[in-house]
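Report on the following structure.
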2 protein chains.
Amino acid sequence: MLNNSQYIEKLRSSGLRPTKQRIKICEILFNSEKTFHFTINELVKRISKSTNDKISLATVYNTVHAFKNKGYLKEIPINSDQSYFDTNTSHHHHFYDETQKDLIDIDDADVEPVKINTRIPGKKIKSVEVLVKVEDDKS
Amino acid sequence: MLNNSQYIEKLRSSGLRPTKQRIKICEILFNSEKTFHFTINELVKRISKSTNDKISLATVYNTVHAFKNKGYLKEIPINSDQSYFDTNTSHHHHFYDETQKDLIDIDDADVEPVKINTRIPGKKIKSVEVLVKVEDDKS
DNA sequence: TTCTACATTATAATAGTTCTAAACTGTTGA
DNA sequence: TCAACAGTTTAGAACTATTATAATGTAGAA
Ligand SMILES: [Mn+2]
Ligand SMILES: [Mn+2]
Ligand SMILES: [Zn+2]
Ligand SMILES: [Zn+2]
């Protein structure tokens, strides 16, 4: 999608120094045609496959959190022993296959607008997300 | 709501032996008028306040998982450093106040039916849950 | 080039949860 | 009635994702 100098721009304009670690992680996260979901562990594996210069685990955590704070990643709320992140930052929803521990996007267009007919005084809505848990259909 | 002999029945009919630990936890979870959300930590605190016979942490975990498996509790999918459980097992949704780490029920009637216009072949839907994240409205 | 704030790193610490294996108990049926 | 056994409890260890620490390195400004 983007080349390194574009990631450097993106980082710089976010107030993040374009270090070689962050650029490498940008390549892995944002170069692919399709968006995807990942855990820190999976990301660490991808990194070690695609480079010889290792990036420390702490830096991977730091970077993912920095990117999440900047809005370049979303964290997906599911009960799991580890956090799931999403390179798709547009408004959308998820299937979660608990058997295979697999997250699948549901396009926003495939969900009728969710209307909540109640509010909490003094609070404003940050996000509305639908999680559809699925399991094998043995019928 | 129920008295001890009714919890004993409930447990027995679920294939769970009615031990004094489980009965005590039933009282704490299911005796109150209103349903509520809790973490294991909060439950442990409630237990130690309401009895002199301490229940081991392992038993609290075991019991909560057993009750969840029997459908007497639900686990709520949110990103948190700990699991949230719900004594309200009916179909409903949640606000999550990230500032106060507070979960609030949204009655199913207050949400227009969520229509998902896509499926995953070979999988059937187990649950459809809406999570509305809110924050302080400073405007 | 020098300076400094920001970033990386190895490693330790933390904390929620699960595991282990020994002791205990509810239930069954002889 | 009570022995036998499967199910349960328990203290503590182990596990594991995540965060903290603090020393070292580096990007960018001047
Ligand atoms: Mn968990
Ligand atoms: Mn988390
Ligand atoms: Zn997604
Ligand atoms: Zn609830």
Side-chain angles (χ1 to χ4, degrees), chain A residues 4-5 7-26 28 37-48 51-70 72-73 75-85 101, chain B residues 4-5 7-26 28 37-48 51-70 72-73 75-85 98 101 103:
Chain A
N4 285 11
S5 66
Y7 291 132
I8 291 174
E9 255 331 286
K10 177 178 174 144
L11 289 165
R12 222 176 242 135
S13 69
S14 319
L16 297 172
R17 288 189 183 170
T19 63
K20 67 180 195 304
Q21 292 87 346
R22 284 172 175 166
I23 294 165
K24 167 56 71 180
I25 292 174
C26 277
I28 292 171
H37 309 115
F38 65 94
T39 64
I40 297 288
N41 241 320
E42 291 164 357
L43 179 55
V44 166
K45 279 182 206 152
R46 284 200 192 212
I47 292 168
S48 47
T51 182
N52 293 316
D53 319 321
K54 81 168 283 234
I55 299 179
S56 81
L57 181 60
T59 296
V60 178
Y61 272 99
N62 290 342
T63 303
V64 166
H65 287 140
F67 287 2
K68 180 191 168 191
N69 289 337
K70 294 298 178 184
Y72 302 147
L73 291 173
E75 192 170 358
I76 301 174
I78 48 169
N79 286 122
S80 170
D81 44 353
Q82 53 201 320
S83 288
Y84 275 82
F85 295 90
K101 298 201 178 303
Chain B
N4 285 9
S5 65
Y7 291 132
I8 291 173
E9 256 329 287
K10 176 177 175 144
L11 289 166
R12 223 176 242 134
S13 68
S14 319
L16 298 172
R17 288 189 183 169
T19 63
K20 67 179 195 306
Q21 291 88 347
R22 284 172 176 165
I23 294 165
K24 168 54 71 181
I25 292 174
C26 277
I28 291 171
H37 308 117
F38 65 93
T39 63
I40 297 288
N41 240 322
E42 291 163 359
L43 178 55
V44 166
K45 278 184 207 153
R46 285 199 192 211
I47 292 168
S48 48
T51 183
N52 293 316
D53 318 321
K54 81 167 285 234
I55 299 179
S56 80
L57 182 60
T59 296
V60 179
Y61 273 100
N62 290 342
T63 302
V64 166
H65 287 141
F67 287 3
K68 181 191 166 191
N69 289 337
K70 295 297 179 186
Y72 302 146
L73 292 174
E75 192 169 357
I76 300 175
I78 46 169
N79 287 120
S80 171
D81 44 355
Q82 54 201 319
S83 289
Y84 275 80
F85 296 90
E98 287 190 305
K101 297 200 178 305
L103 267 174

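The basis for the numbers below is simple: all heavy atoms, side chains too, and nothing from hydrogens, waters or symmetry mates. In what follows, chains carry the letters A, B, and so on, assigned in the order in which the sequence lines appear, proteins first and then strands, with residues in each chain numbered from 1.
Spacing between atom OH of Tyr7(A) and atom P of dA27(D) amounts to 20 Å, rounded to whole angstrom units. For the pair Asn41(B) CG and dT18(C) C1', the computed distance is 16 Å after rounding to whole Å. If you take CD of Gln21(B) and C1' of dT9(D), they are 6 Å apart, rounded to a whole angstrom. Rounded to whole Å, atom P of dC15(D) lies 17 Å from atom CD of Gln82(A). Remark: C1' of dG16(C) and CD1 of Ile40(B) are 10 Å apart, rounded to the nearest angstrom. Residue Asn62(B) contributes atom CG, which lies 14 Å from atom C1' of dA21(C) at whole-angstrom precision. Atom CD1 of Ile25(B) is separated from atom C1' of dT10(D) by 13 Å (rounded to the nearest Å). Rounded to a whole Å, the CG atom of Leu57(A) is 11 Å from the C1' atom of dT11(C).
Ranking dT10(D), dT17(C), dT19(D) by closeness to the Tyr61(A) side chain, first place goes to dT19(D). Out of dT9(D), dT10(D), dA7(C), the shortest distance to the side chain of Thr19(A) is found at dA7(C).
Between the OG1 atom of Thr63(B) and the CD1 atom of Ile23(B) there is a distance of 11.0 Å, given to the nearest 0.5 Å.
Scanning residues 8-18 of chain A for heavy-atom distances under 4.0 Å to DNA chain D yields Arg12(A), Arg17(A), Pro18(A).
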